[in-house]
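Since the structure comes first, as structure tokens, the remarks are kept for the end.
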Number of protein chains: 2
Amino acid sequence: MISELLRVPAGPVDLAAFDTGGKPGFDGDKAAGEEALPALGAELADLQEKLFARGYTGGSGRVLLVLQGMDTSGKGGVLSHTVGLLNPSGLRLKSFKKPTKEELSHDFLWRIERELPATGEIGIFDRSHYEDVLVVKVHELADAAEVERRYDAINDFEAKLAAEGTTIIKCMLHVSREEQKQRLLARLDDPTKQWKFKPGDIDERGYWDAYQEAYEIALSRCNTEVAPWHVIPSDRKWYRNLAIGNLLLEALRGLDLDWPAPDYDVAEQRARLVNEGTP
Amino acid sequence: MISELLRVPAGPVDLAAFDTGGKPGFDGDKAAGEEALPALGAELADLQEKLFARGYTGGSGRVLLVLQGMDTSGKGGVLSHTVGLLNPSGLRLKSFKKPTKEELSHDFLWRIERELPATGEIGIFDRSHYEDVLVVKVHELADAAEVERRYDAINDFEAKLAAEGTTIIKCMLHVSREEQKQRLLARLDDPTKQWKFKPGDIDERGYWDAYQEAYEIALSRCNTEVAPWHVIPSDRKWYRNLAIGNLLLEALRGLDLDWPAPDYDVAEQRARLVNEGTP
């Protein structure tokens with residue numbers, strides 16, 4: 001199970017001990033990995049439709065995939081390559097940006113609650129409520145006591161979601177500082193990618209260690225049985241995309257999904273339709 | 001141009017005069033059509049990213065694709081096969097259901113405005129504000145004067161969206177009454193599709209002519225230069241999916257999209273990054 005291989009063990013977290021370049025659970029090379037991902041598509045789509053069908057017919061269950069990671073770690077790549085395998089109906093994707101004035105006037109979870117997947121849906125958070133203990137902590141956008149309060153608030157929130165039937169998968173896309181540098185250089189050198197770069201991205205690299213520490217605290221404080229963290233080695237883009245595809249697949253398989261039985265008499269409805277308009 | 005072939009001419013509309021089984025603008029057979037659709041994917045994704053990049057860097061422009069059609073006409077198929085070619089980031093898909101009590105307490109456009117694509121996004125409406133002059137008219141869910149008012153209100157609304165830089169593509173997925181019957185039978189006969197069927201679907205067939213008439217009025221009253229209607233022959237699923245893919249592609253091509261020029265000095269930023277950490 002890929003989820004077991006990538007799951008963050010309970011206790012303190014030392015991110016330096018997690019290899020950013022590994023490919024746990026996959027023996028093949030890049031070419032094999034790039035073939036393996038689309039091969040997940042058919043089963044993902046089948047299970048996604050069964051989940052949707054269950055919700056549509058009054059059953060329970062939903063999935064929430066949370067993507068976090070440093071700039072250039074590849075959240076966007078996961079969205080296009082992995083999430084792109086899913087059917088856009090039944091998908092609820094939200095990219096959280098810098099909060100608006102209105103959002104800041106509410107509790108930090110207010111804007112999150114509004115974007116949760118409905119029953120039968122797969123929700124994807126590109127950044128999330130974890131920004132409120134990451135960038136907020138690193139840049140001291142809230143006082144220390146408020147940040148401290150948020151870890152427990154997040155655990156309560158996620159426990160409530162799980163109790164409502166939400167399968168939560170949290171992924172930290174883990175890249176090395178050197179890999180980030182190479183990816184920023186690649187953006188600068190490619191006219192089709194220059195728009196993604198901001199000079200502030202380099203300023204943020206000055207806070208690298210503070211970010212890693214904030215991640216370590218969040219990954220350790222908010223690592224529960226119902227909402228576990230996974231660290232995804234992300235220096236290899238193909239492995240990152242494939243690993244998250246497999247995590248989604250395992251989560252869906254775990255829901256014991258099947259086509260709902262009809263709540264009407266099939267033969268009777270068939271006869272109505274066939275004899276329609278005849279006396 | 002497929003948009004010209006499928007566009008509804010100005011004036012009164014007689015849906016019976018539109019072939020549901022045709023394949024205007026495409027000479028090939030089903031196999032060729034099914035190959036032609038994914039072949040659009042690369043250019044669609046490229047233009048979608050350029051649109052997103054333009055929005056991200058402060059430029060204007062967005063796209064709104066409106067899908068309407070009788071039950072089984074294949075809105076869901078278009079979402080999975082055609083919209084599924086797009087990158088889920090930068091896509092804003094909304095399936096409008098029966099309005100809630102809260103939604104009904106507002107003007108009919110209230111819930112629509114909340115789901116519009118942002119600048120740089122492609123919005124997809126699976127059903128739309130047109131339900132408020134279709135099912136509402138057929139089942140007399142509002143009085144006649146209110147329905148009458150709505151055609152002009154829709155034209156004003158769509159003109160405002162166009163003035164804001166929204167490219168609007170409206171598609172009526174046109175199936176024959178017999179094709180709908182066959183598709184409902186197929187749902188009843190397939191255990192993986194029975195969940196999609198409701199006995200009420202057969203009741204609704206009793207209103208077929210009233211629905212066609214309501215469509216004819218909407219397609220004629222709300223067929224403007226900035227928000228034209230297209231009728232998509234939809235008895236062939238592959239043609240329907242391909243035609244809408246081509247409409248999207250033509251609309252994106254019409255936006256003269258290109259990669260935005262950087263608003264920073266590339267060489268300067270490159271030097272900062274390369275010399276980072278050196279004295």
Side-chain angles (χ1 to χ4, degrees), chain A residues 45-46 49-50 52-54 56-57 75-76 78-93 95 124 126 181-182 184-185 187-199 201-203 205-206 258-270 272-274 276-277, chain B residues 45-46 49-50 52-54 56-57 75-76 78-93 95 124 126 181-182 184-185 187-199 201-203 205-206 258-270 272-274 276-277:
Chain A
D46 175 72
E49 191 174 10
K50 285 176 178 157
F52 185 83
R54 188 194 272 185
Y56 187 82
T57 52
K75 298 179 293 292
V78 171
L79 297 182
S80 59
H81 291 96
T82 307
V83 176
L85 295 173
L86 299 170
N87 187 330
S89 352
L91 190 69
R92 179 157 179 154
L93 166 61
S95 294
I124 314 283
D126 164 20
K181 181 177 185 169
Q182 295 309 318
L184 289 174
L185 284 172
R187 286 185 182 177
L188 285 169
D189 290 343
D190 181 347
T192 75
K193 292 183 179 168
Q194 286 168 344
W195 64 274
K196 294 186 189 182
F197 178 90
K198 297 182 304 295
D201 296 343
I202 302 181
D203 303 329
R205 281 173 60 77
D258 207 346
W259 299 112
D263 61 354
Y264 53 84
D265 183 320
V266 174
E268 183 186 317
Q269 296 301 323
R270 207 178 189 293
R272 274 183 76 199
L273 201 49
V274 170
E276 190 185 51
Chain B
D46 176 70
E49 191 174 9
K50 284 175 178 157
F52 185 83
R54 185 192 276 184
Y56 187 81
T57 52
K75 297 179 292 293
V78 171
L79 297 182
S80 60
H81 291 97
T82 308
V83 177
L85 295 174
L86 299 169
N87 188 331
S89 354
L91 191 69
R92 179 157 180 155
L93 166 61
S95 294
I124 315 282
D126 165 19
K181 182 177 185 169
Q182 294 309 317
L184 289 174
L185 283 171
R187 286 185 182 178
L188 285 168
D189 290 342
D190 181 347
T192 75
K193 291 183 179 169
Q194 287 168 344
W195 64 274
K196 294 187 190 181
F197 177 91
K198 296 182 306 295
D201 295 342
I202 302 181
D203 303 329
R205 280 172 61 77
D258 207 347
W259 299 112
D263 61 356
Y264 53 84
D265 183 321
V266 174
E268 182 186 317
Q269 296 301 323
R270 209 180 186 290
R272 274 184 76 200
L273 200 48
V274 169
E276 189 185 53

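Lettering of chains follows the sequences in order, A, B, ..., and the numbering in each one begins at 1. What you see is a predicted model, and the numbers here were worked out from it, not measured in a lab.
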Report task. Evaluate the ring planes of A/Trp259 and B/Trp195, with Trp represented by its six-membered ring, and classify them as parallel (under 30°), tilted (30 to 60°) or perpendicular (over 60°). Result -> parallel
With rounding to the nearest 0.5 angstrom, report the [atom1] to [atom2] distance, [X] to [Y].
X: B/Thr57; Y: A/Lys198; atom1: OG1; atom2: NZ; value: 12.5 Å
X: B/Lys181; Y: A/Glu276; atom1: NZ; atom2: CD; value: 5.5 Å
X: A/Gln269; Y: B/Asp201; atom1: CD; atom2: CG; value: 9.0 Å
X: A/Phe197; Y: B/Leu273; atom1: CZ; atom2: CG; value: 6.5 Å

Report summary line: Honestly, the part of A/Leu91 sitting under 4.5 Å from a heavy atom of chain B is side chain
Query raised in the report: Which atoms of A/Asp203 come close to chain B, meaning under 4.5 Å heavy atom to heavy atom: side chain ones, backbone ones, both, or neither?
Result: both
Query raised in the report: What residue in A/Arg272, A/His81, A/Lys50 has the most heavy-atom pairs under 4.5 Å with chain B?
Result: A/Arg272
Requested in this report: Could you have a look at A/Ser80, A/Pro260, A/Ala53 and say which one has the most heavy-atom pairs with chain B under 4.5 angstrom?
Outcome: A/Ala53
With only heavy atoms counted, which part of [X] is less than 4.5 Å from chain A, the side chain, the backbone, both or neither?
X: B/Pro199; result: both
X: B/Asp263; result: neither
X: B/Leu86; result: neither
X: B/Leu93; result: side chain

Requested in this report: Pick whichever of B/Val83, B/Leu184, B/Asp189 has the most heavy-atom pairs under 4.5 Å with chain A.
Outcome: B/Asp189
Report summary line: Heaviest contributor of heavy-atom pairs below 4.5 Å to chain A, chosen from B/Leu79, B/Asn87, B/Ile202, is B/Ile202
